[in-house]
Every structure is written in structure tokens, then in C-alpha cells.
Amino acid sequence: MRHDLGDLVSKAKGVLDGNWLGASTKPAPDLYPHQWNWDSGFIAIGSARYNQKRAQQELSTLFKAQWKNGMLPQIVFNPDALGGYFPEPDFWQCDLSPNYPEGVETSGITMPPVHAMAALRIFENASDQQEARQWLEDMYPKLLALHAYFYRERDPQKEGLIYIRHPWESGMDNAPTWDSPLKAIRVDKSKLPAYERKDLKKGVPAEQRPSHDDYDRYVYLVDLFRRHRYDEKAIYEECPFLIQGPLFNAILSKGNEDLAELGRVLGKDVGQIEEWHQQTNRAMRSKMWHEEHGAYDIFDLRADERIGTLIAAGFMPLLSGAPTEDEAQVLYSILESKAFCSLSDERCYSIPNYNLEGDFLDASNYWRGPVWINTNWLLLQGLRRYGFQEKAERVKNDMIRLVKQFGFHEYFDPFEGAAYGTDNFSWTAALFLDVALEEEA
Ligand code: 2M8
């Protein structure tokens with residue numbers, strides 16, 4: 001379906017301009033006043049369609065905050081906005097780590113590495129190829145160092161699967177998937193560092209945000225990391241939350257594929273990267289695939305078990321080509337059921353982040369039910385890869401429909417569409433631009 005989107009395209013660019021900080025883009029005007037890791041990746045994917053320089057700068061700025069061990073932090077703090085978010089540098093105390101980068105302030109965890117995917121898109125869309133190549137020469141070793149960090153430090157058993165150690169690292173902070181591993185953390189409130197949430201003072205109703213119990217556990221984990229001075233081995237020994245998940249690993253695996261392509265452009269030996277891609281795909285198939293419920297599960301390393309909560313992340317291995325054709329058909333049948341808004345159902349919006357028939361569905365709460373534009377965008381790529389064209393079109397049309405009807409919000413009700421979270425949200429604008437402008441390309 002072709003859309004006349006001229007006006008919305010200008011508005012989307014306006015949202016990104018409004019959130020532009022001079023060298024990077026914040027996710028939203030007030031709720032998220034710093035630079036975020038995967039947000040900047042998505043923003044660069046959108047900017048790549050019409051502003052090569054801006055897209056390059058977005059990633060270059062982010063990678064200036066790369067830690068000496070290769071880790072790319074979840075947040076790069078904006079010195080002009082300190083005081084507006086929790087937790088900020090005084091709480092993270094990342095300078096306790098010998099790996100802390102100079103000249104910037106960051107948090108001490110990471111996020112799903114969408115950056116190689118973004119870099120490839122910047123390269124492919126570039127109007128000035130020579131400049132793009134120069135930029136790539138600088139960016140490539142940094143991307144490689146990031147991927148190497150994951151396989152070296154976050155895969156202690158050398159399985160090809162990377163663990164996360166905080167729900168914020170997943171990007172899907174309070175998804176029902178984390179309920180059981182988080183419940184297993186016993187928090188003694190008298191020993192928890194004092195903290196004050198800032199997210200509840202920004203005009204977004206508390207019912208649309210994570211609970212206080214969740215935040216206590218988020219804080220407990222940060223406190224553990226800083227006690228260990230961000231030493232990964234020590235954290236691995238003690239951390240009660242260690243999860244191998246399909247979203248993170250599929251994004252990393254797809255990133256390997258795209259990084260290898262970039263490496264070939266530059267004439268590099270990409271053998272190791274191709275091996276990572278294959279190994280992670282194989283490992284996801286053998287350790288996470290759950291035939292009966294038709295999706296990929298997370299693996300809880302502490303409980304030593306798979307946890308089968310059906311969220312959109314469970315379909316994400318489509319992105320990296322991990323599922324066999326048979327598995328892909330099973331995934332598709334679940335995506336096509338009532339649980340995730342089927343093609344024949346015009347009353348819902350695809351793709352809700354959590355099973356619409358699940359016990360913990362909360363259609364207005366953050367990652368516990370709403371539709372997110374970045375999830376849609378990632379699944380759109382996966383559906384296309386496997387030739388599920390009709391579904392891919394529906395996902396794309398719902399991205400456009402949601403924005404047309406409700407604006408550039410953070411997340412949307414899967415039944416009503418209604419807009420939730422903050423307005424003027426950057427990745428909604430950026431990924432809308434990506435799909436809107438591909439129609440013109
Ligand atoms: C949300 O997470 C942050 C912590 O990282 C928060 O709740 O304060 C998530 O939606 C995450 O995926 C996103 O990157 C971030 C900024 O948009 O907000």
C-alpha cells in the first residue's frame with residue numbers, strides 16, 4: 001500500500017531536530033534527556049535515509065563513550081541535563097572501573113548492539129560514498145571491539161550466547177519475561193542504597209511505567225556492579241540476574257552478518273565474524289527454541305532453566321536467519337494467532353510486545369503489552385528475510401497507521417491504538433522515517 005506521507009515525514013524530521021543535542025539525539029525531550037545506546041542506533045537508521053552526516057555523527061558520538069574493554073554503555077550522560085534522570089553518574093560510580101573511558105560520563109551496563117546494522121544502512125544509503133567509506137574506516141574497529149567484548153566477557157562457557165545482567169540491558173525493561181528471575185532476587189530494603197525515581201515526575205502516569213518493586217531490583221543490581229568495580233568476572237560470580245535472551249542474541253547475530261559485509265567492503269578478513277554469526281544462530285536454535293509454544297525462550301543461567309514467557313523477543317531470531325524453515329513456519333503460526341494480532345483481525349495493532357492472551361497482559365504498561373515501533377521494525381526485517389510478505393506489509397502499515405493516528409509516541413495500546421509514554425519519541429520518528437522513505441527510494 002502506498003501512502004501519502006509528506007506532512008508526517010516533515011513532522012518526524014522535526015521530532016529528531018527537536019531532540020538533537022548538537023552531536024547526538026536524546027530519545028525524548030524530558031523523560032530521557034541523555035544519549036541512549038540502542039536508541040541512537042535506531043535514530044541513525046532513520047537519519048541515514050536523508051541526512052548522512054547526522055547519521056554518521058550520531059554513532060561517532062556514541063562510540064566516543066566506548067569503554068576500554070569494548071563495552072558500549074547504555075547511557076552517555078549529557079552534562080547540561082544532569083539532575084533530570086535516575087540513575088546518573090554519581091549513582092553509577094563507573095570511574096571505579098579501570099575500563100572507564102576518558103572525557104565522558106556513562107552508565108555501567110550495555111544494550112542490544114544494533115549499531116552494525118545501522119552502519120551498514122548508513123553506508124548503503126550514503127550520497128557521498130567517499131565520506132561514508134572514510135567514516136567506516138574509523139567505525140569498523142570500534143564495532144569489532146564491541147562484538148569481541150561480548151564474546152570475550154559475556155559468554156563465559158563459550159557457547160556463542162551472550163548474557164545480560166540487568167533488565168535495562170535488554171531494552172525491554174519490565175517485560176513479563178523478567179518477572180521470575182527478578183522475583184528470585186531477595187532485596188533487603190534496609191541495605192538498598194537510597195534513591196529517588198525521576199521518571200514519575202515527567203507527566204507519564206505511573207501505571208505506564210515499571211513498578212517500585214522492579215526499580216528496587218534495578219537499583220540492587222547497579223549497587224552490586226559498583227561494589228565489584230564493574231569487574232565482569234566478579235559480577236558473573238555473584239549476580240543473581242544472568243540471562244541469555246533471543247532479542248539480544250539475535251540482534252548481535254544479525255550485527256555480525258552486517259559487520260562482516262562492512263568488513264568485506266574494507267577488504268578485511270571477516271572469518272571470525274562469520275563464525276560468530278553461525279555459532280550464535282546454532283546456539284539459539286539448540287538452547288532457546290521451544291517447539292511446543294512456538295517461540296525462542298530466554299535461558300536463566302542462575303536458575304539453570306529456560307523460561308517460556310511469550311513476548312515479541314521470542315520471534316526475533318528471524319532477524320538473523322537462525323530458525324530453520326520449519327521453525328519459521330511455527331513462529332509464523334504463533335505470530336498469526338490471536339496472541340499477537342493476526343492479519344484477519346482489523347481491531348488490533350501488530351505487534352504487541354506480549355501475548356494478548358497472557359496472564360500478565362497490561363495493555364498500557366510499558367513493555368507488558370503495548371506495541372513498540374522498534375520491535376515492529378526489527379520483526380519487519382525478520383519477516384521479510386523469511387518471505388512472509390503479507391505479514392511484513394501489515395507490520396509496516398501498522399507502524400504508519402499508529403503514527404498517523406496517534407503521533408510520535410513512545411508506545412501504543414495494541415487494541416485501541418491510544419498513545420502512551422512520552423510524546424516526540426525519537427526512535428518512533430526515526431523508524432517511521434525509515435519505512436516511509438523506503439517507499440520513495
Ligand atoms: C527505556 O529504558 C530506560 C532505561 O534504559 C528507562 O526506563 O529509564 C527502555 O524503553 C529502553 O529500551 C530505551 O532505550 C530507553 C530510552 O528510550 O528507555
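Counting convention: from 1, in listed order, for ligands and their atoms alike. Only this structure's heavy atoms are used, side chains among them; waters, hydrogens and symmetry mates stay out.
Looking at residues two or more places apart in sequence or on another chain, you find a salt bridge (charged side-chain N to carboxylate O under 4.0 Å, His left out) between Asp7 and Lys11.
For Thr106 and Trp67, the side-chain atoms include at least one donor-acceptor pair closer than 3.5 Å.
One finds no salt bridge joining Arg121 and Glu124 here, because no Lys/Arg side-chain nitrogen approaches an Asp/Glu carboxylate oxygen to under 4.0 Å.
Between atom NE2 of residue His115 and atom CD1 of residue Ile45 there is a gap of 9.0 Å, rounded to the nearest 0.5 Å. From Lys287, atom NZ reaches atom CG of Leu161 across 6.0 Å, with rounding to the nearest 0.5 Å.
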Could you pull out the N/O contacts under 3.5 angstrom between ligand 1 and the surrounding protein atoms?
unit_1: ligand 1; atom_1: 2 (O); unit_2: Asp173; atom_2: OD2; d: 2.7
unit_1: ligand 1; atom_1: 5 (O); unit_2: Trp36; atom_2: NE1; d: 3.0
unit_1: ligand 1; atom_1: 5 (O); unit_2: Gln74; atom_2: NE2; d: 2.8
unit_1: ligand 1; atom_1: 7 (O); unit_2: Asp173; atom_2: OD2; d: 3.0
unit_1: ligand 1; atom_1: 7 (O); unit_2: Arg209; atom_2: NH2; d: 3.1
unit_1: ligand 1; atom_1: 7 (O); unit_2: Tyr366; atom_2: OH; d: 2.6
unit_1: ligand 1; atom_1: 8 (O); unit_2: Tyr85; atom_2: OH; d: 2.5
unit_1: ligand 1; atom_1: 10 (O); unit_2: Trp367; atom_2: NE1; d: 3.1
unit_1: ligand 1; atom_1: 12 (O); unit_2: Trp38; atom_2: NE1; d: 3.1
unit_1: ligand 1; atom_1: 12 (O); unit_2: Gly171; atom_2: O; d: 2.6
unit_1: ligand 1; atom_1: 14 (O); unit_2: Trp38; atom_2: NE1; d: 3.0
unit_1: ligand 1; atom_1: 14 (O); unit_2: Asp39; atom_2: OD1; d: 2.6
unit_1: ligand 1; atom_1: 17 (O); unit_2: Asp39; atom_2: OD2; d: 2.7

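Geometric assessment of Arg347 against the ring of Phe415 yields a negative cation-pi assignment under the 6.0 Å and 45° thresholds.
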